[in-house]
2 protein chains.
Amino acid sequence: MAEDARGRLIDAAGRAFAERGFEGASVRDICSDAGVNIAAINYHFGDKQSLYVACLEQAQCSESRQTLQAADPSLPPEARLHGFISGMLAAQGDPDRPRWHNALMLREMAHPTTAAAEVLKRYIRPLAETLREILEQISPGVSGMSHDGWPVGFSVVSQVLFYAVHRPVVRLLMGEAEHDALDVDFLADHITRFSLAALGRGPTIVGPSAVPSAGTRKTVPR
Amino acid sequence: MAEDARGRLIDAAGRAFAERGFEGASVRDICSDAGVNIAAINYHFGDKQSLYVACLEQAQCSESRQTLQAADPSLPPEARLHGFISGMLAAQGDPDRPRWHNALMLREMAHPTTAAAEVLKRYIRPLAETLREILEQISPGVSGMSHDGWPVGFSVVSQVLFYAVHRPVVRLLMGEAEHDALDVDFLADHITRFSLAALGRGPTIVGPSAVPSAGTRKTVPR
DNA sequence: GATTGTTTCAAACAAACGTTTGAATTTTCA
DNA sequence: TGAAAATTCAAACGTTTGTTTGAAACAATC
């Protein structure tokens with residue numbers, strides 16, 4: 001809150017762009033939210049487009065800490081996968097990380113502008129490489145499958161991204177109360193179990209004892 | 001092409017809204033594309049917002065034929081699941097169905113307006129019920145799992161929606177040539193196999209014989 | 001063929017848009 | 001303290017926005 005004008009502008013603009021899109025967010029609303037004069041955008045960034053790019057750069061730089069723990073190759077692969085999924089899920093609701101960071105990048109990825117290539121190179125590609133490494137560790141040979149194992153990786157991350165993109169639908173489908181019960185820990189466990197079962201590691205997700213052998217709910221398998 | 005002004009307007013507006021969003025699409029561009037006068041929007045729909053709702057209604061009504069085949073309870077559940085997934089995937093690239101129909105509904109679901117509730121009731125909810133029925137048939141008891149089995153259904157549809165929402169990212173990650181090889185048949189088989197394996201039905205997706213017993217690629221299990 | 005009702009058209013509307021200006025104000029640093 | 005740089009400000013810029021107007025063109029009915 002006590003940031004300088006430039007920082008407050010990026011924060012206000014990031015929230016506006018993430019929520020209403022680039023054309024849906026007006027510079028007047030943004031400046032009003034940031035508590036700065038209209039001319040501040042021109043002074044600090046040049047124009048609206050450059051402000052948008054600045055928001056995207058800020059969103060890229062703030063990587064979730066939890067995602068990084070999945071990069072440790074010394075951990076057992078199941079724990080790394082759980083960490084990866086949990087990290088991606090947590091990034092959505094991380095209190096230390098502004099809400100709009102993820103939402104804005106999702107918008108950019110769903111409807112890429114000229115800035116998309118940079119986001120992909122700096123943010124998405126490293127994540128993809130980490131996941132590929134984990135999956136290869138879990139199921140050796142998966143990288144040599146058809147299309148270099150990309151579809152398998154997509155099947156994993158798609159489950160995570162679903163809750164980021166389609167949360168409004170989930171809320172409407174399940175109802176408010178049931179939806180709120182789907183916290184990060186539950187979803188991370190579910191997605192990890194679903195994916196491990198598909199890969200032939202761990203029990204299938206239905207049946208009397210559907211709890212993974214390596215840990216219980218709310219616990220990262222060690 | 002030889003439609004009346006109202007029809008041409010919906011088509012042009014649908015494409016514009018799906019591609020550039022509600023605020024990103026100007027009524028002048030839409031009317032120019034449709035080959036009608038600016039005032040036609042006011043005359044036929046009242047205003048831009050009502051035109052948007054008309055587009056959404058049109059998109060809801062044109063349901064893909066292939067999705068329906070999954071509703072036949074007499075088929076084996078694995079075939080129904082494959083049909084369901086294949087139908088959803090095919091709806092994206094159905095030549096008989098304008099490209100924008102799916103894209104527009106995805107936009108509405110990711111960032112709901114007041115019209116979202118209707119889309120959910122008429123389009124999403126029935127799909128969800130069909131899937132729930134199929135999954136219960138495949139793995140009895142899944143509906144009685146935690147949160148009424150919703151997460152399991154989400155894990156299935158999320159894989160399909162991923163290719164609808166994040167196709168630009170897939171293209172950039174894999175490269176143009178590799179991406180084009182991911183046709184509807186391949187993806188339907190992959191997602192079906194991944195999901196069935198997670199549910200404990202069918203082999204896991206990696207290993208020497210990763211082909212489902214009930215059929216080969218490009219073949220719906222009978 | 002005159003008279004309806006329907007649809008199209010060019011032109012203009014006020015409002016909002018992103019952007020720019022040049023003078024005030026604050027901050028910086030010698 | 002005083003000059004220079006950095007920042008903020010109210011006001012206006014020209015465009016584009018969605019919308020409206022009233023006349024013209026078309027179609028249908030008697």
Listing time: all N or O pairs from protein to nucleotides 4-7 of chain C that are below 3.5 Å?
from	atom 1	to	atom 2	distance (Å)
C/dT7	OP2	B/Y43	OH	2.7
C/dT7	O5'	B/Y43	OH	3.4

What I want to find out is whether A/E133 reaches A/R80 closely enough, with some N-O distance under 4.0 Å, to be called a salt bridge.
yes
With no hydrogens and no angle check, do the side chains of B/R167 and B/H179 hold a donor and an acceptor under 3.5 Å apart?
yes
Nearest-Å distance for atom pair CD1/C1', residues B/I30 and D/dT19:
14 Å
Flag yes if more than 12 heavy atoms outside B/R99 fall under 6.0 Å of its CZ atom; otherwise flag no.
no
Which pairs of donor and acceptor atoms, one on a side chain in residues 24-31 of chain B, lie under 3.5 Å apart (sequence neighbours left out)?
from	atom 1	to	atom 2	distance (Å)
B/S26	OG	B/D29	N	3.1
B/S26	OG	B/D29	OD2	3.4

Interatomic distance, B/D4 CG vs D/dC26 P [rounded to whole Å]:
18 Å
Just how large is the angle between the end axes of the helix from C/dG5-D/dC26 to C/dA30-D/dT1, five pairs per end, to 10 degrees?
10°
If you take any heavy atom closer than 4.0 Å to DNA chain D, which residues from residues 13-29 of chain A end up in contact?
A/R28
Identify, with sequence neighbours excluded, every residue that meets side-chain hydrogen bond (donor to acceptor under 3.5 Å, both in side chains) alongside A/D47.
A/S50
Under 3.5 Å, which protein N or O atoms sit close to an N or O of nucleotides 20-27 of chain C? Give each pair with its distance.
from	atom 1	to	atom 2	distance (Å)
C/dT20	OP2	A/N42	OD1	3.2

Write down the distance between CG (B/L9) and P (D/dG18), rounded to a whole number of angstrom.
13 Å
Determine whether a donor-acceptor pair (N or O, by modelled atom type, separation under 3.5 Å) exists between the side chain of B/R107 and the backbone of B/E19.
yes
Rounded to whole Å, the NZ-P distance (B/K48 to D/dG18) equals 4 Å
